[in-house]
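The block underneath contains the structure these notes are about, expressed in structure tokens.
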Amino acid sequence: MSQNRNLHKAKRAKKDEFYTQLADIENELRHYRDHFRRKAIYCNCDDPTVSNFYRYFQLNFEFLSLKRLITTCYKSKQVDMFSQHDAERAIGVEYTGAEPKVFHLEGDGDFRSAECVELLKQADIVVTNPPFSLFREYLAQLMKYDKQFLIIGNMNATIYKEIFPLIKGENIWLGLNRGVMEFRSPQNRPHKMGNARWFTNLDYRQRHEGLILFKKYSPEEYPKYDNYDAINVDKTSEIPMDYDGAMGVPISFLDKHNPEQFELLGIMNTGEKNIGIRRPNTLHGRPIINGKEKYLRVLIRHKKV
């Protein structure tokens, strides 16, 4: 069984409540400690009774010099869907370093509800694992209210027509840690997902470390696409150091993108409409070589020093 089959199955069923493991949270959040100092943190998709995001920030409240921690969670009317099955009303918790203050929400705790939006407005940084099926809408809300954030999403979200322009414009980027992450369902069943990624607009040092390149361009090794003036590169590690034009690289390149080293140009894709290639938001530039179609490619170009 593929690592992501459980995720897709859950998404289809709208049962995408997956608890992030504390180790994965610690491994990523340690790179952003300076961002958290004297900030109000909001975890708006987290049952405070089980959330490891809430647990991490409460345990490290003084160490991180936090100002305030708030967490709220959606309470479904369907008892088999989300985690607060024994609660009559959706609850939240506010923590400022003393005793946690539990409060009840008037509504169901949906992150889009008016009362949760009011809490969002009070927050400096949002940190959580939102429902993957609502990722577009969730991220749009964060951008609307100009919030800093560190959230988990699917790697495939990077190519969404609503999201890639934000990455291209350096408004958001991928976090540091990638690879297989393990999540737990409300029934405590493990789910390993190989394409889960951290999305953020918090900067970190490693993001500005350049790729070490060693390959040189040759037309035989790097053929051009039939329908677009760019060469094909099958592996990020094989990006030629001496080619000045457009290059099509795998989507995994975004894990290692250094904005000072490369410029993002657009996407070559057979799925969603392409972005930023001559005619924005039109299907243009499928990655085809000698009549055969390649998998999705991100178009990049070396930045001139």
Side-chain angles (χ1 to χ4, degrees), residues 14 16-20 25 28-29 32-58 60-61 64-76 81-84 87 89-97 100-154 157 160 162-163 165-167 169 171-175 197-203:
K14 301 299 182 183
D16 47 3
E17 180 83 350
F18 290 89
Y19 302 145
T20 314
I25 295 172
E28 182 70 23
L29 269 60
Y32 307 87
R33 289 170 181 167
D34 290 342
H35 290 288
F36 296 138
R37 190 174 301 276
R38 301 303 304 159
K39 296 296 179 61
I41 309 297
Y42 186 25
C43 306
N44 60 349
C45 297
D46 296 83
D47 180 345
T49 65
V50 295
S51 169
N52 282 319
F53 284 102
Y54 176 75
R55 181 184 177 193
Y56 172 85
F57 284 117
Q58 185 185 32
N60 292 280
F61 193 88
L64 296 173
S65 299
L66 298 180
K67 179 173 66 176
R68 187 184 182 197
L69 171 61
I70 301 175
T71 181
T72 56
C73 177
Y74 176 71
K75 181 190 182 301
S76 173
M81 215 172 159
F82 287 90
S83 56
Q84 295 180 10
R89 296 166 61 186
I91 63 172
V93 170
E94 179 180 7
Y95 185 74
T96 56
K101 178 184 177 183
V102 179
F103 58 93
H104 287 89
L105 298 171
E106 294 298 324
D108 59 10
D110 191 308
F111 68 86
R112 298 162 292 191
S113 66
E115 58 185 337
C116 287
V117 170
E118 284 304 310
L119 292 172
L120 176 66
K121 292 177 181 179
Q122 300 172 31
D124 297 306
I125 305 176
V126 177
V127 186
T128 191
N129 177 9
F132 282 15
S133 61
L134 298 174
F135 191 80
R136 288 179 172 92
E137 190 171 359
Y138 185 86
L139 183 58
Q141 184 188 77
L142 295 179
M143 302 305 295
K144 175 182 178 180
Y145 291 100
D146 194 25
K147 292 300 173 181
Q148 292 185 306
F149 58 87
L150 184 60
I151 61 176
I152 295 175
N154 191 307
Y160 293 167
E162 303 91 346
I163 295 177
L166 298 174
I167 298 175
N171 302 114
I172 67 172
W173 43 85
L174 295 182
R197 292 295 188 275
W198 294 89
F199 290 71
T200 187
N201 54 5
L202 301 174
D203 208 3

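In what follows, residues are counted from 1 in the order of the sequence shown.
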Requested in this report: Please tell me if the side chains of Cys116 and Thr72 come closer than 4.5 Å, counting only heavy atoms from C-beta onward.
Outcome: yes

**Report entry** Test side-chain contact (heavy atoms from CB on, under 4.5 Å) applied to Ala123 - qualifying residues, sequence neighbours left out
**Finding:** Tyr42

Report task. Sequence neighbours left out, what passes ring pair (Phe, Tyr, Trp, His ring centres under 6.0 Å) with Phe61? Give chain and number order. Result -> Tyr95

Report task. Drop me the distance from Leu142's CG to Ile125's CD1, to the nearest 0.5 angstrom. Result -> 12.0 Å

**Report entry** Between CG on residue Asp34 and NZ on residue Lys39, distance to nearest 0.5 Å
**Finding:** 10.0 Å

Report task. Taking Asn52 for its side chain and Thr20 for its backbone only, find out whether a donor-acceptor pair lies under 3.5 Å. Result -> yes

Query raised in the report: So do the side chains of Leu174 and Phe199 get within less than 4.5 Å of each other, counting heavy atoms only?
Result: yes

Query raised in the report: Under 6.0 Å between ring centres, would you say that holds for Tyr160 and Phe135?
Result: no

Report summary line: When every non-hydrogen atom of Thr200 is compared with those of Leu202, the smallest separation belongs to OG1-N, 2.9 Å

Query raised in the report: From Gln58 CD over to Asn60 CG, what is the distance, rounded to the nearest 0.5 angstrom?
Result: 10.0 Å

Query raised in the report: What pairs with Glu28 under side-chain hydrogen bond (donor to acceptor under 3.5 Å, both in side chains), at least two apart in sequence or on another chain?
Result: Tyr32, Asn177

Query - Pairing residues for Phe57 by the ring pair (Phe, Tyr, Trp, His ring centres under 6.0 Å) criterion, not counting sequence neighbours - result: Phe36

Query raised in the report: For Lys67, what residues pass the side-chain contact (heavy atoms from CB on, under 4.5 Å) criterion, not counting sequence neighbours?
Result: Arg38, Ala40, Asp124

Report summary line: With sequence neighbours left out, the residues meeting side-chain hydrogen bond (donor to acceptor under 3.5 Å, both in side chains) with Gln122 are Arg68

Query raised in the report: For Gly107 and Ala90, which heavy atoms make the closest approach, and how far apart are they?
Result: O-CB, 3.8 Å

Query raised in the report: Quick one: does Trp198's side chain get under 4.5 Å of Leu29's, heavy atoms only?
Result: yes

Query raised in the report: How about Phe149 and Ile172: do any of their side-chain heavy atoms sit closer than 4.5 Å?
Result: yes

**Report entry** Reported CG-to-OH distance for the pair Leu105 and Tyr74, which is rounded to 0.5 angstrom
**Finding:** 12.5 Å

Query raised in the report: Are Leu64 and Ile41 close enough that some pair of their side-chain heavy atoms sits under 4.5 Å apart?
Result: no

Report summary line: Those residues at least two apart in sequence (or on a different chain) that pass salt bridge (charged side-chain N to carboxylate O under 4.0 Å, His left out) with Asp203 are Arg207

Report summary line: When rounded to the nearest 0.5 Å, the distance separating OG1 of Thr49 from CD1 of Ile91 is 6.0 Å

Requested in this report: Could you list all the salt bridge (charged side-chain N to carboxylate O under 4.0 Å, His left out) pairs where at least one residue sits in residues 111-123, not counting sequence neighbours?
Outcome: Asp110-Arg112, Arg112-Glu137, Glu118-Lys121

Report task. Check side-chain contact (heavy atoms from CB on, under 4.5 Å) between Thr71 and all other residues, then give those that pass, not counting sequence neighbours. Result -> Cys43, Asp46, Pro48, Tyr54, Val93

**Report entry** By ring pair (Phe, Tyr, Trp, His ring centres under 6.0 Å) - contacts of Tyr138 (at least two apart)
**Finding:** Phe111

Query - Spatial distance of atom OG (Ser113) from atom CG (Asn44) [nearest 0.5 Å] - result: 9.5 Å

Query - By side-chain contact (heavy atoms from CB on, under 4.5 Å) - contacts of Ser65 (at least two apart) - result: Arg37

Query raised in the report: Is the backbone of Asp146 close enough, under 3.5 Å, to the side chain of Asn201 for a donor and an acceptor to pair up by distance?
Result: no

